Amino acid sequence: MVTKVVDLRSDTVTKPSEAMRAAMAAAEVDDDVLGADPTAQRFEAEMARITGKEAALFVPSGTMGNLVSVLTHCDTRGSEVILGDSSHIHMCENGGISTIGGVHSMPVVNNPDGTMDIDRIVAAIRHRVGAGALHYPTTRLICLENTHGRSGGKCLSAEYIDKVGEVAQSHGLKLHIDGARIFNASVALGVPVDRLVRAADSVSVCLSKGLGAPVGSVIVGSKAFIDQARILRKTLGGGMRQVGVLCAAAYVAVRDNVGKLADDHRKAKVLADGLKKIKQFTVDLTSVETNMVFFDIADPRITSDKLCQLLERRNVLAMPGTSKRFNSVCSTAFLLSAY
């Protein structure tokens, strides 16, 4: 008898559906580095259409998508990017924008809802003029994250993003959105993706999280932006040849799994409601907006690592946040095949 495993570690631990595997096997391919892969071209055109941008580019990972985007906007070493102090780009991408691109981070405090205060963003903007001409880096970019992972999958509203976009435009800056889970935000808010990202100059979208594709992300923006991003993708080793095999699976993921995200969100709320009934845990039900559940361990005898070990013995996989904070992520794309 095969034991069923419930995997709550992340929405990245998905498995390709039969439809994805069939699409990969049948994909029409050519050399994408030469710009000739027809499946990649069709998929990129579809993602540009969905996001309301001129062009799109498939990349191997979300980290590369964000890195390519930041470096395309900040094409002068010593540029500065304003971003959240708990954002994924700042905390979890190996400092790539600085180590590889020579881009300086100006972190601004993330609020519990994932936003940054507008006045703090404005105060963080620096230009090489006046007294700071010899001392400061030059701000060229603002980055937002939607949904915001370390805030528990909170959604940034279109109105808030518009306000940040207005700040960027008025100061001659660009706006990039790390939209790894932008489809989750769209479903939770009931707002189309293209409306959510209207104010952004570029967006990265992960295809291998809740959408369930086996590999990849896509970045979108103007044609000029994507033309430059394509060069940087090659520089970073992200140019792949017959990549249509992967784009075929990604197309199926977008086609078939966006409609399942609402059920992921429902399951997360059910999980949070159940956890709240356990006296050793504390969870804020109002904080569960999408597919993430963060809860704190109130019992001093229990640590996150110990709880993970106990759950694993019962075929439940989970990932600790800190010694007393626990993260769980619901993904239908995985749970439907977790046998």
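Every value quoted in this text rests on a predicted model; they were computed, and no experiment measured them.
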Q.
Go through it in stages, so that I can follow the logic: the residues are V218 and L57, the test is side chain to side chain contact (heavy atoms under 4.5 Å, CB included), and I'd like the CA-CA distance, side-chain angles, deciding distance and then a yes or no.
A. CA-CA 5 Å; V218 65; L57 183 69; 5.6 Å; no
- Query: Is there a side-chain hydrogen bond (donor to acceptor under 3.5 Å, both in side chains) between D305 and T303 once you walk through the steps?
  - Reply: CA-CA 5 Å; D305 287 335; T303 65; 5.4 Å; no
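A donor-acceptor pair under 3.5 Å links the side-chain atoms of T235 to the main chain of I231, judged by distance alone. Of the possible donor and acceptor atoms, one in the side chain of T290 sits under 3.5 Å from a partner among the backbone N and O of G153. With hydrogens and angles disregarded, a donor-acceptor distance shorter than 3.5 Å links the side chain of K53 to the backbone of A200. In this structure, D264 contributes its side chain and N291 its backbone to no donor-acceptor pair below 3.5 Å. For the pair T39 (side chain) and G244 (backbone), a donor-acceptor distance under 3.5 Å is absent. In this structure a side-chain-to-backbone donor-acceptor pair under 3.5 Å is missing from S151 to H148. In terms of modelled atom types and a separation under 3.5 Å, the side chain of N110 and the main chain of S86 share a donor-acceptor contact. No side-chain donor-acceptor contact under 3.5 Å links S87 to the backbone of L83.
In this structure D194 satisfies the salt bridge (charged side-chain N to carboxylate O under 4.0 Å, His left out) test with no other residue, sequence neighbours excluded. Looking at residues two or more places apart in sequence or on another chain, you find a side chain to side chain donor-acceptor pair (under 3.5 Å) between R49 and E46. For R255, the salt bridge (charged side-chain N to carboxylate O under 4.0 Å, His left out) criterion is met by no residue, not counting sequence neighbours.
Residue S304 holds its OG atom at 7.5 Å from CZ of F295, rounded to the nearest 0.5 Å. Residue M106 holds its CE atom at 13.0 Å from CZ of R120, rounded to the nearest 0.5 Å. Separation of atoms CD1 (I219) and CG (L67) is listed at 10.0 Å; rounding is to 0.5 Å.
Taking hydrophobic clusters as Ile, Leu, Val, Met, Phe, Trp and Tyr residues chained together by side-chain heavy-atom distances below 4.5 Å, V243 does not share a cluster with L232. There is a path of hydrophobic side-chain contacts, each under 4.5 Å, that joins L141 to L236.
Taking a 4.5 Å side-chain heavy-atom cut-off between Ile, Leu, Val, Met, Phe, Trp and Tyr, the cluster of L34 contains only that residue.
Within the structure, salt bridge (charged side-chain N to carboxylate O under 4.0 Å, His left out) pairs that include any residue of residues 163-191 comprise D11-R181 (at least two apart or interchain).
In summary, the side chains of H127 and T138 do not present any donor paired with an acceptor at a separation below 3.5 Å, with no hydrogens or angles considered. With hydrogens and angles left out, the side-chain atoms of T115 and D113 include a donor and acceptor closer than 3.5 Å. Under 3.5 Å, the side chains of D85 and H90 contain no donor-acceptor pair of N or O atoms. Remark: the H88 side chain and the N66 side chain contain no N/O donor-acceptor pair separated by less than 3.5 Å.
The pair D227-K223 meets the salt-bridge criterion, since a charged nitrogen lies less than 4.0 angstrom from a carboxylate oxygen.
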Using residues 308-320 as the side-chain source, report each donor-acceptor pair under 3.5 Å to any protein atom, sequence neighbours left out, with the distance given to one decimal.
residue : atom : partner : partner atom : Å
R314    : NH1  : L310    : O            : 3.2

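For an aromatic pair to be called close, the ring centres must be under 6.0 Å apart, and H73 with F225 satisfies this.
With a 4.5 Å cut-off on side-chain heavy atoms, V283 and D296 do not count as touching.
Checked against D32 for a salt bridge (charged side-chain N to carboxylate O under 4.0 Å, His left out), the options R233, R241, K234 give a single hit: R233.
Taking the six-membered ring where the residue is Trp, Y251 and F43 present perpendicular rings, their angle passing 60° and hence far from 30°.
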